[in-house]
Amino acid sequence: MIDMSTWEQLEVDVVEGVRLDPKNIRLDIPEGVPEVDIIQDLFHNEKALSLVESIAKLGLLTHELPIVLMRDDVPYVVEGNRRLAALKAIQNPYLAPEFQARIRKFAEDIPSRDALRKIRVLKAPTQDDADQLIAALHTGSQRVGWSPTRQAAFFQAQIDNGKSVDYLIARYPTIDVKKFVIRSQILSLFRNVEYNDPSLKDFVMKRRFPVSTLARLYEYGSFLTLAGIEVDEQVPSVTLRLKPKVFARLAEKIIRDIADSDSETHINTRKLNRKDGPFFVNYMKALREVIDEAEADFALDPGDDETVPPASGPNGNGNRPGGGAGGSGGSGNTGGNAGASARDGEQEGAGSGQGPGEAGTTNSGSKPPKTKSAYLWTEDLSAPADYPPAIGMILTELGRINIDKFPNASLDLIRTFLEKLTKAYAARLGVDLKRHTGKDGGFVYLSTCMKWLEQHVKDIDETALIQVVLKVKSGKLSGYVPSMDHLNAINHNHQIFATSDEARECWQMIHGLIRLMLKP
């Protein structure tokens, strides 16, 4: 039973005599943050500005006193944080820089700010007494968890206020700040969409929006590629490369599927737990169909091709740049499988593919499916971090290009990728391919790459791949499509054109070889 009749009343100075408490169970923030950051968080995410307006118009209501707890002879408020933050900002609007003009405007209606300088508070005898009271008032439990959405909101608010990511990392060394910034910016992409269904807008803007489900999606590089989202984890920044109207159509489906728990297409972290599981595979296929339909609908729309960075914060406030290109293309590192294709859902099922003994397979890794997809199977491929950025960029493009629509571009890009990847692979092994040209200082062509690669797979005893290299090197009519002669003809001969089936055949045949050279 709580007996507050014995609790002592104190008069404290709101500026210097009492502090906001980062341990307070009403605050979803990490321990040890500076008070100024707590104030900014309360203004950004807890509507402290509305209390400033209320105090200016109605006066400070004292029917409920803030609760404080003494630590090292300093009173820390454990209940009444928004009121204290509002009172501190009234005395010093610079504590909330982005709101200072509005705070000053409201403060003009206050007869005397000095009258608000000192307030009465109740001193809780112990932390347990304070916790019991606050639990009874607000939660029904002793501690309120820090939600993923609020984690993101807190750090984005600091960035919006001019703090650099490096500054935040140094200030919060035990927290993965970059992860939360990326989460906030991706959440912004979805919150800034103009949904046809207003209820979806309301749902995605909720403080308790289940962002963990969204995070499970964007953890997979294949989803990022599909959605046209580039993530640079080092900056960190998020950039949308998909047309905004196309992305809006995609977002509408995803948010509806998160919101509608009774739907067969409802998604949650459990259902999305495995990217090779049947649900995820089929869901990616459904998302691809939504994008294809939207791209067809908006193909002729002018002025809708610009890169779209997210808004500054998870509520869409502000106007800060969202970062440039990078992530999956630039560094081969997007928080998931950087070179992964967005085609998870284009297949009948992960793991279905070529039969035993067919060329292009090895004993490890997934196999390209037999199903006739409009996209190349790159789900099991990613560019190692020590490769040049071009390798990750081209691999990403190979996973995105529609081979039914662009067969010539597809096959030409396959040839380019095979040559460049072989050169990168050889360089990583310390091999100078110029020595294999037969001429001092000669140019390294695809033929040079294949000559060296044939000997290399023999040396490392990858017997299943020897025939693959020989097939590429040959110009025989049998198996001509993936041959070097055919690839060169596609690249150089103005009389030769490619078909989508040729692109599929070529990629399927060399897939195992590509996987070998992409091993970390």
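Starting from 1, each residue takes its place in the sequence as its number.
Between the side chain of N282 and the backbone N or O of P278 there is at least one donor-acceptor pair closer than 3.5 Å. Side-chain atoms of S410 come within 3.5 Å of backbone N or O of F406 as a donor-acceptor pair. Not a single donor-acceptor pair under 3.5 Å links the side chain of K275 to the backbone N or O of S222. Checked by atom type and distance alone, the side chain of S184 never pairs as donor or acceptor with a backbone atom of F180 at under 3.5 Å. No side-chain donor-acceptor contact under 3.5 Å links Q91 to the backbone of V14. For the pair S164 (side chain) and Y167 (backbone), a donor-acceptor distance under 3.5 Å is present.
Of all heavy-atom pairs spanning M4 and I67, the tightest one is CE-CD1, 4.2 Å. Between A503 and I414, the shortest heavy-atom distance links the atoms O-CD1, 3.7 Å. Across every non-hydrogen atom of I255 and L200, the tightest pair is CG2-O, 4.0 Å. For the residue pair I254 and Y283, the shortest heavy atom distance occurs at CA-OH, 3.7 Å. When every heavy atom of K47 is checked against every heavy atom of R82, the shortest pair comes out as O-NH1, 3.2 Å. Closest non-hydrogen pair, D21 versus I38, comes out as C-CD1, 4.4 Å.
Proximity of I55 to I90: side-chain heavy atoms (C-beta onward) are separated by under 4.5 Å at one or more points. Contact of the K253 side chain with the D257 side chain is registered, since non-hydrogen atoms from C-beta on lie closer than 4.5 Å. In this structure, L116 and I110 have side chains that are in contact, with non-hydrogen atoms separated by less than 4.5 Å. For the pair R83/P66, a side-chain contact is recorded, criterion being any heavy-atom separation below 4.5 Å from C-beta on. Looking at L20 and Y76, their side chains never come closer than 4.5 Å, going by heavy atoms from C-beta outward. With a 4.5 Å cut-off on side-chain heavy atoms, V238 and E230 do not count as touching. Looking at I103 and F43, their side chains come closer than 4.5 Å, going by heavy atoms from C-beta outward. Contact of the F417 side chain with the I514 side chain is registered, since non-hydrogen atoms from C-beta on lie closer than 4.5 Å.
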Taking it one step at a time, do I186 and V231 satisfy side chain to side chain contact (heavy atoms under 4.5 Å, CB included)?
CA-CA 9 Å; I186 288 182; V231 175; 4.3 Å; yes
Derivation and outcome, side chain to side chain contact (heavy atoms under 4.5 Å, CB included), residues L95 and I39
CA-CA 7 Å; L95 292 173; I39 293 173; 3.8 Å; yes
Please report the C-alpha distance between K178 and Q234 in whole Å, then the side-chain angles of each, then the deciding distance to 0.1 Å, and finally whether the side chain to side chain contact (heavy atoms under 4.5 Å, CB included) criterion is met.
CA-CA 8 Å; K178 291 182 178 180; Q234 299 306 310; 3.8 Å; yes
Before giving the answer on salt bridge (Lys or Arg N to Asp or Glu O under 4.0 Å), spell out for E108 and R104 the whole-Å C-alpha distance, their side-chain angles and the decisive distance to 0.1 Å.
CA-CA 6 Å; E108 291 176 0; R104 291 183 189 280; over 6 Å; no
Applying side chain to side chain contact (heavy atoms under 4.5 Å, CB included) to E98 and Q40, what does each step give before you reach the verdict?
CA-CA 9 Å; E98 290 190 31; Q40 291 166 12; over 6 Å; no
Y195/F203 under ring-ring contact (aromatic ring centres under 6.0 Å, His included): CA gap, chis, key distance, verdict:
CA-CA 11 Å; Y195 294 91; F203 177 71; 9.8 Å; no
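A salt bridge links K88 with E35: the closest approach of a Lys/Arg side-chain nitrogen to an acidic carboxylate oxygen falls below 4.0 angstrom. D297 and R249 are joined by a salt bridge, as a carboxylate oxygen and a charged side-chain nitrogen come within less than 4.0 angstrom of each other. Taking 4.0 Å as the cut-off between side-chain N and carboxylate O, R117 and D13 count as a salt-bridged pair. For the pair R256 and E252, the salt-bridge criterion is met [side-chain N within less than 4.0 Å of a carboxylate O]. Comment: R400 does not engage E397 in a salt bridge, judged by the lack of any side-chain N to carboxylate O separation of less than 4.0 angstrom.
Taking the six-membered ring for Trp and the full ring otherwise, F223 and Y218 have centroids separated by 6.0 Å or more. Taking the centre of each ring, F209 and F190 stay at or above the 6.0 Å mark.
Side-chain contact of D404 with S500: a donor-acceptor pair under 3.5 Å is present, judged by distance alone. Under 3.5 Å, the side chains of S199 and D197 contain a donor-acceptor pair of N or O atoms.
Classification of the Y220-F280 ring pair by plane angle, with boundaries at 30° and 60°, yields perpendicular.
Atom OG1 in T378 sits 7.5 Å away from atom CG in L398 (nearest 0.5 Å). Expressed to the nearest 0.5 Å, how far CD1 of I182 lies from CD1 of I229 amounts to 11.5 Å. Separating the CD1 atom in I258 from the CG atom in D260 is a distance of 11.5 Å, to the nearest 0.5 Å. Taken to the nearest 0.5 Å, the CG atom of L411 stands 10.0 Å off from the OG1 atom of T416. In this structure, CG on L122 lies 5.0 Å from CG on L65, to the nearest 0.5 angstrom. Taking CD of E293 as the start and CD1 of I291 as the end, the distance is 11.5 Å to the nearest 0.5 Å.
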